[in-house]
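For reference, the structure discussed in these notes is given below.
Everything numeric here is computed off the predicted structure, so don't read it as measured data. Here is how names work: the chains are called A, B, and so on, in the same order as the sequence lines, proteins then strands, and each is numbered from 1.
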Amino acid sequence: MAVGDRSEAIVKTFAVKPKLKPTNKKSTSSPESKYWKSFKPKQTQTLVSSITSLAFSPTSPHDFAATHSATVAIFSSQTLEPKSTINAFKDTATSASFRSDGHLLAAGSYSGQIQVFDVKKRSAVRRLNGHLRPVHFVSFPRVDKLHLFSGGDDSVVKYWDVLVENSFDNLIGHKDYVRCGDGSPASDAMFITGSYDHTVRVWDVRVSKSGSMLTINHGAPVEDVIYLPSGGLIATAGGNSVKIWDVIGGGKLLHSMESHNKTVTSLCVGKTGIDSVNSTNQYRILSVSLDGYLKVFDYSTLKITSSTRFPSSLMSVAFSPDCNTRVVGSANGVLYAGKRKTNENIESVGSEWGKHIGFGAIEEPEKRVLRPSYFRYFHRGQNEKPAKGDYLIMRPKRLKLAEHDKLLKKFLHKEALVSALKAKNPENVVAVMEELVSRKKLLKCVSNLGVDELGLLMGFLHKYCTMPRYAGVLIVLAKKVVENRIDDISGSAELKGYVRNLKRLIVEETRIQESLQEIQGMISPLLKIAGRR
Amino acid sequence: MIRGGKSFVSSPPSFSNDAKKLLVCTGNTVSIFSTDTGLQVTELEGHTALVTSIIVEPAPTPASTILCYCWTSSLDGTIKYWDFSVSELMKTINIQLPIYSMVVPSFLAHKSENSEKLSDIYAYISVEDTKNEQNKQRNELSGKILKCNLSKSHLVPGVILSESKKPEKITISSTGKYIGIHEKRKIRIWEVPTKDLKNISPRKLKLSHTKNLSCIAFHPTDRILVAGDVTGRILIWRGFGDKTFAGSNLENEKLLKDEDEKPGVRGNGDADSCTTWHWHSSEVKVLSFSSEGVYLYSGGKEGVLVLWQLDTGKKVFLPRIGTPLLNFMSSPDPSLASVSCADNRIHILKMPRMEILKSISGIKLPSPVPEMFRGSCKDFVFDHTAGLVAVRTENYCIQFYSLFDDREISEVQVCERNHQPSDDVTMILNLVALSFEGSVMCTVETRMAEEGIGGFVTLKFWERGSQNNDFSLSTVIYEPHRDAGVSAVAFHPTRGMALSASYGGDFKVWVSNHEIQQNDRLIQRTRWACHAVGSYRKKPMTAAAFSNDGSVLAIAAETVITLWDPEKNVLVAVIGSTREPIENLSFIGDSNFLVSTSQGSNSQLSVWSMAKLSVSWSYKLHTEAIACSEKDSHFAVLVVLPESSKADVATSHSGAILLFNAGDPVPVASWFVAKAKGGGIAFIQRNRSLDDDMDENEGQVLLAYVNGEHEYAVFNPHGVEMQERKVRHTDSVSVTGPEVTGQIGYASIYGKLPEFKLEAGAESATLSERPWETIFSGPSHSLPPLTKLCSDFLESLLKKRTGTLI
């Protein structure tokens, strides 16, 4: 009955509430940004120097390799701890790449030598010599187990037969350092390489004699290039921009994403774990840059769906094929590895933990029948979840009254102000002050404060007086406090100190205001002119 | 024509004998509410002026509590006798003097003499002697208390108990033994003679106090009198009238004692002692003893009902009612009582716990506005489509009141604060605006600063949910125009766009952005954000209006009208100037005219032609409100008539409503109205439920007029029919249809007593199958009146034919 409900509303108590804050328009995060946020970056141990590359093993459990200085470190993707390291390098190691079965790992080096390791034994199986300058790019094709392609600073791209440690061809076309490349997901014979001569070339080893199939000009030294999973599109990173090209359609530029502020260093393809209707929309481009941002770009809608800030310049990024791990390597050797928190993860951890403890020997404790002599007897049924068809009768929300609210209810105004000041939440203090103003009791309260309580108030004023959010009330109040309590203030050294601080704060604030006015003076004629057009 | 919005609290209400109904004086009528549901059941119509008191005739026996007879007195100089179960007038006594108060002592006296022959019923009435003007001018004693024989319908000649400057309210003790009035600082008490001898005037005494008294109450059993004064003190005189009223032997004994010590009693007041309680901080308005006399209820301006234990002075409170209390009525059912509040609301309390069970709300009365906000406050706005009026209340709420149903629909708490009626006003709800379809509300509230600290203006947007439920807060904007006050708020007729204009010289256009969130379920939110800011030569913006299609925005910058394009925020044109700042601005329907009003010494009503961008015609009139119809080019203005012209019109009419056609300065129609100051008018759409009655012209709109005291009338401005139409309480009837028969009091604990069949009183109300045999049996005093029986009797004689006609 509506009438009855309202009659209860008459005898209502209201808590003192601070002014509402403007809520961020995007505070309501989309499920996708929530997904990307769920990779909580955990800072693992600091490696020696810049992490030049990261690669995930294509087979479960998807361990990953990170190259830094003269080592390749292999990490477990379960615990994110290093499993093993390979130190057989004479110079800085680069560009780790797993074979499609995950048994072999290839890595280049500044010495120009490419080595292929057995991941389990950590020994070099093959050594491929041929590049004269540092090699920055080595990659196995997606499926093919017997070949390798690589690019070096001698601007030569080579296609290797791993078995015989011999290169078939020198693919010549680039005019500057070759720093990146990727194998096509469509055909093992096709791959792309990017170079500092601003171009990306598409190679096909079957027709290698005629040079590159296609040349794309990125417009800046190409730092990274990847095939998108369809095989028809490629993404190139160079300068501040990431560009998407259609290779089948003759190298047409589809889109250029320019939201990074510094050079984009690395790209990889990520996948959202969300079960959407059309699974083609699951793929995203992850890009990292020297400005410390990791951006997730949805290339189907051409929108950035997530942006994460890291404390240092980023060099490399990788995303595990099972969508559970994301690793980002920074220029100062810090590896930010993040695992997605999923329910299965927690359960699997729990079950493992159970195995360790009890070996299945511990039985579930028998459910005891509740009797009125047990405490839990009186709580039974309180955690019951409502069924779908149940009609919920909500318990009326209990109003939580803070200490100052209770005191205000009793008209103990000074005590309420002091209790709010002691609680040290500036919003509540100002709200209590506003309530006292509307009861016309604030100045009376101020004149009734004891010396130590006055110190509390002066401390608060000193701290928050010039904050724009509270300044409207507090600056006038500070003036009144100093005027009304001048005798007490001059009698106490501590209070004098507060006044001195306050004075300094006000001088600083006037300086800020003056400079703001100067800026306003500069801008307003511009705005006037703009408005006239 | 529909009238409504009457005050429920002008005089004390009265419970029926079974405490299931509450009889409330509502203007010229008596409304009867059900105490179970708080909804109106029926109405007694007949008086032609304000009803001032209702006295329910008590049931002679406990079994006959269903009898529903009452006496009412009114300022039209009549006393009427009703059967309120069927809302039927039974008798009218014409006194010809306005009656301010009436008591009937014999109803309250113990019914020991019931078995005797029923004696005449006498009433004491407080009247204003308006008959001889000369007499009034000479000694100004116009208030008189007279005695009236209700049974024989005439005044008892020669009995004038007292004469006072103005008619006073008579208070009666619950045994009917004493009646008293308070006049300034004096109390006068009379003992009512037990035998109704004609020409013996009752014995009387006087008590005095140093402050003006505000109310008095008698103890039900002992000779104790309590009085409240304007400072909040409660005075208790114990043993009043020992000398005057008590027997002679007792008088001799007491005499010696009385001479030397009478603590607290002033002058030669006849009382043993006088004690004072002082809890209330301002005037005491309510004093009432509980039925057994152990407790005293008091209340006043603070809005706190206090329950005192009479012997110890211990107190129990019902706080935070939030408005001054005016009346406390206890009912025949000990678990119910009612409190009338100054905000036109009657609370029904569950008694020992003092818990509010139900509230009967009338339209909220105008709340006082401090001087500095006089210009920038709007008391109420209309919802044109739903026929509602949104009234600003004192306790920071907006009340939605249905003009067609004459009842409260809902209340929205705008500021979350408790209102303390006795405090100064430090916060005020300035403006309310409703969007055209009534789904968005905008409110402006101002907190006043204390010596320059902490005052600010808040603009709030409220959205009504999809299920047409209450408004919920959508957006809060603090200090929308820095520290300047908001002068006007207007809504775009079709889009989610609003405008606020300020005295600080700028206006802002706000637009709503919908955002739908698909998180578990569909949540739709709307935010209002600033779209554009504009100003015209830093002049204060005083009024604003959107044109009917929303393409033009007219804003009055003090004396000129500026026209803007609301989308692009471009100044389109500036038209003419008036002498005084423009207060109100409105586009007239689909015509290209704009009407503006300004107040002050050169108040003006001007109609501007948008085609020529110049004034079309204007009058020098003090205009209170404008209403423009949406469809055609009619508009109505509410004009306060100047003092000089009042002599021509009847004195009660202070204003007039003029209906104009936009292009024509000659009014189409005009009506004189009362209490026009602070009133408002609006065209509202016809309610669906009314269509079946007034089907002559479907598409037309009605004109609603709300006067300065929030009483209203709704009528068809184009039709000639002006006969009164009753507000139908169709919905309330259906709710109260199955009469709730909860057992109360004794019956609730021990069950129903077996009815004593010997008493014929119980039978008299229910007529048996063959009424002519039993209809006149039983004692005559317990029979229903002949006027009621007659029709039944005659009907019973006309035997019904059972077979069909061949």
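- Contact count versus chain B (heavy atoms, under 4.5 Å) is highest, among A/Lys17, A/Lys19, A/Lys440, for A/Lys19.
- By the 6.0 Å contact criterion, CZ on A/Arg469 is enclosed, its count of non-hydrogen atoms from other residues, nucleotides or ligands being greater than 12.
- Counting heavy atoms of neighbouring residues, nucleotides and ligands inside a 6.0 Å radius, atom CG of B/Asp483 does not exceed 12 of them.
- Summarising the local packing, CD of A/Glu483 is surrounded by more than 12 heavy atoms from other residues, nucleotides or ligands at distances under 6.0 Å.
- Between chain B and the residues A/Val430, A/Val437, A/Ile475, the most heavy-atom pairs under 4.5 angstrom are made by A/Val437.
- Salt bridge absent: A/Glu434 and B/Arg447 never bring a charged side-chain N and a carboxylate O closer than 4.0 Å.
- Looking at B/Glu450, its side chain never comes within 3.5 Å of a backbone N or O of A/Ser438 through a donor-acceptor pair.
- The most heavy-atom pairs under 4.5 Å with chain A, out of B/Met448, B/Glu479, B/Glu451, come from B/Glu451.
- Residue A/Lys463 places its NZ atom among 12 or fewer non-hydrogen atoms of other residues, nucleotides or ligands, all under 6.0 Å distant.
- Contacts between A/Leu474 and chain B at a heavy-atom distance below 4.5 Å are absent for every atom of the residue.
- Going from atom CG of A/Leu20 over to atom CG of B/Leu473 covers 7.0 Å, rounded to the nearest 0.5 Å.
- Only the side chain of A/Lys480 has a heavy atom closer than 4.5 Å to any heavy atom of chain B.
- Residues B/Phe456 and A/Val473 are not in side-chain contact: their nearest non-hydrogen atoms beyond the backbone lie 4.5 Å or more apart.
- Ion pairing of A/Glu435 with B/Arg417 is present here, as a side-chain N (NZ or NE/NH1/NH2) and a carboxylate O approach within less than 4.0 Å.
- The shortest distance between side-chain heavy atoms of B/Ile453 and A/Leu442 falls below 4.5 Å.
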